[in-house]
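Contents: one structure, followed by commentary.
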Amino acid sequence: MTSVTVRTPAKINLVLGVGAPRDDGYHPLATVYQAVDLFDHLSVSPAADEEVTVEVCSGDPVDAAAEAAPGDEVVADVPTDDTNLAVRAARLLARSTGTTAGARMRLRKSIPVAGGLAGGSSDAAAALVACNRLWGTGLSPEDLQELGMELGSDVPFCLLGGTAVGSGRGELVTPALTRGRYHWVLAVSAEGLSTPAVYDETDRLRSGTPVVEPVVPQALMCALRDGDPTALGRALSNDLQSAALSLRPELAELLDIGRSCGALGAVVSGSGPTCAFLANDEAHAMDIGVGLASAGPFSAVHRVVGPASGAAEVDG
Ligand code: C5P
């Protein structure tokens, strides 16, 4: 086999309930993930034994103008050494299957870095799927899920895709019963937020107050089951939002602008700083996108649709 290309999605959290930190430092979560059609693409080809390398560039794979440009905003913060999550994923797969095969990886990023959209986790998911195919290691989706858990809390969901309930520290995922397609507008900030910093700030803001075990609200599951965007918009929530707004006060204004443009719901995505706005349909999403773009102290607006599929092979 000469090369394999895998497309892997961004995620948003429709609800993110966060409990008090566990003994291992992680927080128990009750979340509902939705994958959206903003994708990174990872191509892998054979390399010398035990050699795993990654090259990172930005842009849409069908956009010929989007050739690798060192210093591109979206890729500037992505390491290309052994700390890169795709490299770690490939090495973990090699170790756990006993293969000595190598991989040359080329990662084309569209998912913003440190944006609360699971970009790094999604790249790890892509590397597991791509290298498993390239190397013929034959692990099942369930085996890949197990490896994914070791790499990051969001990796199992990025493998699964769709809409799913997440528990544990987010790594235990169960597909959710949903109907319909949802139109979102994502407002991406120029500067990312550190996930551990947002969790730490959440703990700081809550110190001295009892924290209850998080549960997924019934209203949100009903909205998804009914395919009702208005009810879904009302049910969006995120326990990390106060901390994200504390670290980035300007996001409060952004959320207000989206609401004033008629968004059915507005929420910080995961640990932020990306904000997600739910629209009625494609035309409404365009209106919200235009309203946000003319207002914003942020770098980009993406119109996306969910649910999208998880990390999967596509034609090169
Ligand atoms: O699992 P992952 O490596 O993606 O998590 C990144 C960081 O986010 C963790 O090191 C931890 O600080 C924080 N985190 C957490 N509780 C979770 C998930 C992540 O505190 N459930």
Side-chain angles (χ1 to χ4, degrees), residues 8-35 40 42 77-79 81-93 107 109 111-128 144-161 164-174 191-207 209 211-216 237-244 246-248 267-274 310-311:
T8 192
K11 65 85 188 150
I12 52 184
N13 298 84
L14 308 181
V15 62
L16 181 51
V18 179
R22 312 188 306 200
D23 290 345
D24 63 2
Y26 282 95
H27 295 69
L29 302 185
T31 189
V32 177
Y33 296 104
Q34 183 162 87
D40 283 353
L42 181 77
D77 297 329
V78 181
D81 59 13
D82 280 0
T83 63
N84 183 288
L85 267 170
V87 174
R88 286 177 46 205
R91 290 202 187 284
L92 177 63
L93 176 68
L107 175 60
K109 283 209 69 69
I111 305 174
V113 179
L117 299 168
S121 296
S122 210
D123 299 339
L128 290 176
L144 295 181
Q145 288 273 336
E146 291 285 327
L147 292 185
M149 289 178 197
E150 292 185 39
L151 293 160
S153 306
D154 295 336
V155 180
F157 173 71
C158 295
L159 288 163
L160 182 68
V165 176
S167 59
R169 59 181 169 87
E171 87 284 24
L172 306 173
V173 287
T174 313
E191 202 188 328
L193 265 177
S194 144
T195 300
V198 175
Y199 275 100
D200 287 350
E201 179 68 358
T202 300
D203 294 339
R204 192 187 69 78
L205 292 173
R206 287 164 158 186
S207 62
T209 52
V211 178
V212 292
E213 272 299 297
V215 288
V216 169
S237 71
N238 180 356
D239 284 352
L240 296 180
Q241 182 157 311
S242 302
S246 160
L247 297 171
R248 290 285 166 78
V267 73
V268 169
S269 173
S271 55
T274 303

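Note that the coordinates shown come from a computational prediction; the quantities given were computed from them, not determined experimentally. Note that ligands are numbered from 1 as they come in the structure, with each ligand's atoms numbered from 1 the same way.
- Distance check, rounded to the nearest 0.5 Å: CG of Leu144 to CG of Leu159 gives 6.0 Å.
- Scanning the protein heavy atoms around atom 8 (O) of ligand 1, the nearest turns out to be Thr195 CG2, 3.3 Å.
- When hydrogens are left out, the protein atom nearest atom 15 (C) of ligand 1 is His27 ND1, 3.5 Å; that is the closest non-hydrogen contact.
- The distance from the CG atom of Leu85 to the CG atom of Asp123 is 7.5 Å, given to the nearest 0.5 Å.
- Summarising the geometry, atom CD belonging to Glu171 is positioned 8.5 Å from atom CG belonging to Leu29; distances are rounded to the nearest 0.5 Å.
- Considering CG of Leu92 and CG of Leu147, their distance stands at 4.5 Å, rounded to 0.5 Å.
- Under 3.5 Å, the side chains of Ser122 and Thr8 contain a donor-acceptor pair of N or O atoms.
- Taking CD of Gln241 as the start and OG of Ser271 as the end, the distance is 12.0 Å to the nearest 0.5 Å.
- In terms of protein heavy atoms, atom 7 (C) of ligand 1 is closest to Pro196 CG, 3.9 Å.
- The closest approach between Ser271 and ligand 1 stays at or above 4.0 Å for every heavy atom of the residue.
- When hydrogens are left out, the protein atom nearest atom 9 (C) of ligand 1 is Tyr26 CE2, 3.8 Å; that is the closest non-hydrogen contact.
- Below 4.0 Å from some heavy atom of Gly25 lie the following atoms of ligand 1, by number and element: 20 (O).
- Close approach of ligand 1 to Ser153 (heavy-atom distance below 4.0 Å) involves ligand atoms 1 (O), 2 (P), 4 (O), 18 (C).
- Taking CG of Leu240 as the start and NE2 of His27 as the end, the distance is 8.0 Å to the nearest 0.5 Å.
- Set against the non-hydrogen atoms of Gly152, the atoms of ligand 1 under 4.0 Å away are 1 (O).
- Inclusion of Arg169 in the set of residues having an N or O under 3.5 Å from an N or O of ligand 1 is warranted.
- Short contacts between ligand 1 and Leu29, defined as distances under 4.0 Å to a heavy atom of the residue, involve ligand atoms 21 (N).
- Checking side-chain atoms of Lys11 against main-chain N and O of Gly116 turns up a donor-acceptor pair under 3.5 Å.
- The protein atom (non-hydrogen) at minimum distance from atom 13 (C) of ligand 1 is Tyr199 CD1, 3.5 Å.
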